[in-house]
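Step one of this worksheet: look at the structure below.
As a basis for the values below, the full set of heavy atoms in this structure was taken, side chains included, without hydrogen atoms, waters or symmetry mates. The shown structure was predicted, so the numbers you read here are calculated from the model rather than taken from an experiment.
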2 protein chains.
Amino acid sequence: MTNKQRARAEKTRKAILTAAEALFSTRSFDEVTMRDIAELAGCSHTTIYIYFDGKEALLNELAAEPLRTALRRLERTLYRGNLSPDERLAAFSREFLRLALSQRALYPVFFTVRASRVDEKDPALELQRLRNEIFALAGRALQAALGVHLAEDRLLAYTRSYFYLLHGIVASSAASPESLDELLARLGPTFDLACLCMFRGIRAHVHEGRQEVSPQ
Amino acid sequence: MTNKQRARAEKTRKAILTAAEALFSTRSFDEVTMRDIAELAGCSHTTIYIYFDGKEALLNELAAEPLRTALRRLERTLYRGNLSPDERLAAFSREFLRLALSQRALYPVFFTVRASRVDEKDPALELQRLRNEIFALAGRALQAALGVHLAEDRLLAYTRSYFYLLHGIVASSAASPESLDELLARLGPTFDLACLCMFRGIRAHVHEGRQEVSPQ
DNA sequence: AGTGGTTACTGACCGTTGGTTAGATTCTAT
DNA sequence: ATAGAATCTAACCAACGGTCAGTAACCACT
């Protein structure tokens, strides 16, 4: 493979990703067709199959970068100074919701990835890894905000509970035709309220020491 | 139209609904084709279009009955005696989750209904009405469990928060291949925990009288 | 300059989908 | 028996995701 060839291929590949990103930012998975993407990218829809193993794989690859960015930003939020642990959890939640809602079409992709092949290069696997890391991050934020050390399974149950809420917020708002800013302006305070209540409830539950729950 | 003709038509219509119900109970919207339904119902897929205005309308009509049943059962749960208000809220949550998860394929239909036509007979409208009634029911249950009267907008914000959680639980579990019983056996306690924490958090928030949140 | 091989790309095609329509079949009422 | 409405079906449509044989572009070597 020569330089010119590689450059050409890279350019086409990039054009496909850019086109797909633009289309998926306003339309859902099913509403965007491979031919739409190809037209915007300026190539035949067949060409896409040279670079990607189909529509889902394309979407997975497309989702990976925003998710990597998300992980990085969430980590930064979490280790940022001059914030109390529960403020940090709140900031984490806000950041998570902002990221998820800014990528509404991609969000279902993150959270319904089902490992298909064991192939290491399968982008679905990286998505799953990234998702698990974000989950673990939330667990650590929650742990820190609670201020007491918890057994792994109990922390898991609380983190799951917290994530159910975040997930529900995104899912409820995903179908909205509003822009991210409109959405946050209208419901942002409610999101904050919901997260705050959830955290307070978990903290109360922990401190009451009720342990009748042992899931998994 | 004579009686015999009507009876025949009714039978076909029923067969279609039954077949669709059977198929949607194990497969998702996209995985079930009109031809699958027709085959199981013992007719041509074209026949379905005589009775229903397409796949989505069929699904809406199909979803209406379970949702009516759900509303009825949730009402019964709510007005059942010998339960404290917060036990009642917990029972409501459990019942809601059980119903939603037993109809996993239909659940997204309930919650993404977008009013299409203003036609009174549009089944999507009834779905929306039913959904709103269930939401109102949850609001009343929450109000009762909190034990204090709240301004409408504050109760709305809390109810929304609570529903975000329920919604998130269903959405997170909807993709699971497990049966309802397996799912509840594995995660039921976590669901209960999540609902309990959310309620405790809301109650704490109410009693602290923090009112900096005024959404909508 | 021309040749061969690799890479990048495309048009035509496949099976399947949701949906439509002309017309055959079935049934009832007379 | 037959007209006429109700019911059903075979054949069709455009669009989908995806495949494949073949073409065009490029580079290295003689």
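Spacing between atom NE2 of A:H45 and atom P of D:dT19 amounts to 10 Å, rounded to whole angstrom units. The distance between atom CE of B:M34 and atom P of D:dA15, rounded to the nearest whole Å, is 19 Å. Between the OH atom of A:Y49 and the P atom of D:dG17 there is a distance of 6 Å, given to the nearest Å. Regarding B:K55, its NZ atom lies at a distance of 12 Å from the C1' atom of C:dG19, rounded to whole Å. Taking atom CG on B:L23 and atom P on C:dG18, their separation rounds to 12 Å, with Å as the unit. Distance, A:E10 CD to C:dC9 P: 11 Å, rounded to whole Å. With rounding to whole Å, B:I50 atom CD1 is found 13 Å from C:dT26 atom C1'. If you take CD1 of A:I48 and C1' of D:dG18, they are 11 Å apart, rounded to a whole angstrom.
A salt bridge links B:E133 with B:R129: the closest approach of a Lys/Arg side-chain nitrogen to an acidic carboxylate oxygen falls below 4.0 angstrom.
An OP1 or OP2 oxygen of C:dC9 is reached within less than 4.0 angstrom by no side-chain nitrogen or oxygen of A:S44. In this model, the phosphate group of D:dC20 is not approached by any side-chain N or O of A:T46 to a distance below 4.0 Å at OP1 or OP2. For the pair A:T12 and C:dC9, the criterion of a side-chain N or O lying under 4.0 Å from OP1 or OP2 is met.
To the nearest 0.5 Å, atom CZ of residue A:R104 and atom OG1 of residue A:T26 are 11.0 Å apart.
Backbone-only engagement by A:Y51 is indicated by non-hydrogen atom pairs under 4.0 Å involving sugar-phosphate atoms exclusively. The residue B:T47 sits close to a base: some heavy atom pair falls under 4.0 Å.
Sparse packing is recorded around CD of B:E65, with 12 or fewer heavy atoms of other residues, nucleotides or ligands lying under 6.0 Å away.
With ring centers used as reference points, A:H205 lies under 6.0 Å from A:Y158.
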